[in-house]
Amino acid sequence: MPSFSEILQRRTIFRDKDVLSPHYVPDVLPFREGEVEKIMLVLSGALKGMRAGNLFIYGKTGTGKTCSVRHVMKKFMQMESPAKTVYLNCRIYNSKYKVMHKIAKEFIPELEKSGFGISLIYEKLIEWLAGGKIQLIVVLDEIDMVKDLNELVYTLVRTNDELLGGGISVVGISNRLSFKEMLDPRSKSSLCETELTFAPYDAEKMKAILKQRLEQGFVQGAVDESALNLAAAIAATESGDARYALRLLLRAGEIVDAGGGQRIDDSHVEEARRSVEGDMIKEVIQTLPENQRIVLYAVANLSQKGGRYSKLGGNEDGENFLLSGEVYEEYSRVCNSLCVKKRSARWYREYLNELEMLGLITTIESGRGMRGHTRLIKPGYPAEELKKIVWETMGLEEEGKKKEK
DNA sequence: CCTCCACAGGAAGCGCAGGAGT
DNA sequence: ACTCCTGCGCTTCCTGTGGAGG
């Protein structure tokens with residue numbers, strides 16, 4: 001059993017792990033100068049006591065949206081001004097009430113406790129804004145998660161009509177462009193007063209970003225040039241997501257540390273990719289309902305044994321596809337042995353659709369050679385790995401699985 | 001050609017939990 | 001604190017689809 005002092009004395013190639021975390025806001029944002037300037041421009045009015053413009057920011061995950069906004073907020077707060085900003089993530093504050101309450105209690109201590117009516121919160125907020133002639137900027141990250149978004153936007157925008165001094169402006173951030181169509185036209189036109197799109201990073205930019213971070217995050221010379229290139233290339237081709245790239249490097253560093261090495265090379269990045277991928281699959285599977293996990297297990301299990309399709313010699317390219325029907329049979333069987341009540345065949349099909357969308361399985365329509373109209377299924381990842389992960393997430397049911405064998 | 005098979009997926013409705021309204 | 005309402009997960013029922021088999 002090691003002591004803390006031993007652990008602290010262990011050699012590490014990290015200088016500062018925080019720099020590699022997704023929450024870190026760097027002082028310089030490479031390739032986002034233009035976007036940062038535009039955000040500053042839109043919000044600058046508030047510093048002069050005028051109402052700032054509303055802003056809608058769109059871009060895929062890991063393209064620096066949140067980072068850029070937080071960066072601007074940081075600068076904004078350093079200025080002498082009665083203007084205020086609030087940042088909230090709508091994954092947590094996902095309704096009009098929760099958002100309004102969070103905004104209010106940020107500035108008005110007496111509303112700290114919950115249980116106030118929405119109208120009281122609203123009035124207090126107006127009183128506070130008008131009293132101090134305050135310009136408030138509300139940043140709503142992952143804004144598409146708000147259930148009654150139309151209501152919320154309408155309320156926030158209308159507030160300005162009731163105010164003589166002070167005002168509210170909204171900065172919405174989303175990674176889904178399609179949600180804009182869900183808004184009614186009035187909310188849409190006020191929220192999207194100004195729009196800004198963040199493009200994914202290409203491999204070159206990704207490399208520069210990683211380079212900037214690893215100079216602060218790792219000790220000098222800890223990362224091979226080719227390992228850096230590889231990490232940048234993987235992240236750029238898979239998603240353009242800088243967070244993913246950073247995660248790769250972080251994991252690769254941990255792998256090297258664990259092995260007592262001193263340099264990250266290509267093999268560590270490859271290993272990190274597999275490891276991170278495994279983590280992400282696990283995260284997804286964990287959120288799945290029990291029955292859906294059993295469906296996934298059934299697919300994995302059956303694909304190892306081989307389905308009827310391959311036994312009938314129906315496939316030319318050797319792909320081991322499964323028939324929808326036989327997977328349902330297998331699923332039913334597993335449910336039985338686990339003493340879990342099975343879902344109807346109709347709902348099972350919905351489960352399949354969702355699993356496909358999540359990339360956990362792939363399906364194709366049956367063509368010639370197959371009787372009837374069905375779907376051919378195969379796992380999206382190695383069956384062994386999927387079974388293991390499902391197994392782990394099932395926890396207590398492990399005993400049941402053993403009996404089944 | 002028609003019929004049957006083996007499914008896909010839409011429509012309606014049901015029971016339940018949690019939030020809104022009073 | 002009480003009911004009322006609504007969204008969600010799910011079942012039941014049903015119509016559609018495209019090739020196989022007669």
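Proteins come first, then strands; the chains are lettered A, B, ... in the order of their sequence lines, and each starts at number 1.
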Starting from P on B/dA20, measure out to NE2 on A/His101 and report it in whole angstrom. 12 Å
Just checking, A/Arg343 and A/Tyr351: is the charged tip under 6.0 Å from the six-membered ring centre and within 45° of the axis? no
Quickly work out the A/Leu352 CG to B/dC7 C1' distance and round it to whole Å. 12 Å
Could you list the protein-to-nucleotides 12-18 of chain B atom pairs, N/O on both sides, closer than 3.5 Å?
none

Side-chain ion pair, A/Lys387 and A/Glu384, N-O less than 4.0 Å: no
Separation of A/Leu376 atom CG from B/dA8 atom P, in whole Å? 10 Å
Letter by letter from the 5' end, nucleotides 8-13 of chain C scores (B base, S sugar-phosphate only, - none; protein heavy atoms under 4.0 Å) -SBBB-
Taking NZ in A/Lys388 as the centre, count heavy atoms belonging to other residues, nucleotides or ligands within less than 6.0 Å. Is the count above 12? no
Measure CE/A/Met357 against P/B/dG9 and give the value in whole Å, please. 12 Å
Whole angstrom is fine here: how far is it from CD in A/Glu365 over to P in B/dA8? 8 Å
Once you measure the plane-to-plane angle for A/Tyr328 and A/Tyr331, does it fall in the parallel (<30°), tilted (30-60°) or perpendicular (>60°) bin? tilted
Given B/dA20, C/dG18, B/dG9, identify the nucleotide with an atom nearest to the side chain of A/His373. C/dG18
More than 12 heavy atoms of other residues, nucleotides or ligands under 6.0 Å from CD of A/Glu37: is that the case? no
So with a 6.0 Å cut-off around NZ of A/Lys207, is the heavy-atom count from everything else above 12? yes
I want to check a possible cation-pi pair here: A/Lys205 against A/Phe31, using under 6.0 Å from ring centre and within 45° of the ring axis as the test. yes
So that I know where these two stand, are A/Tyr58 and A/Phe198 an aromatic pair - ring centroids less than 6.0 Å apart? no
Just how far, in rounded Å, is P of B/dA8 from CD1 of A/Ile364? 13 Å
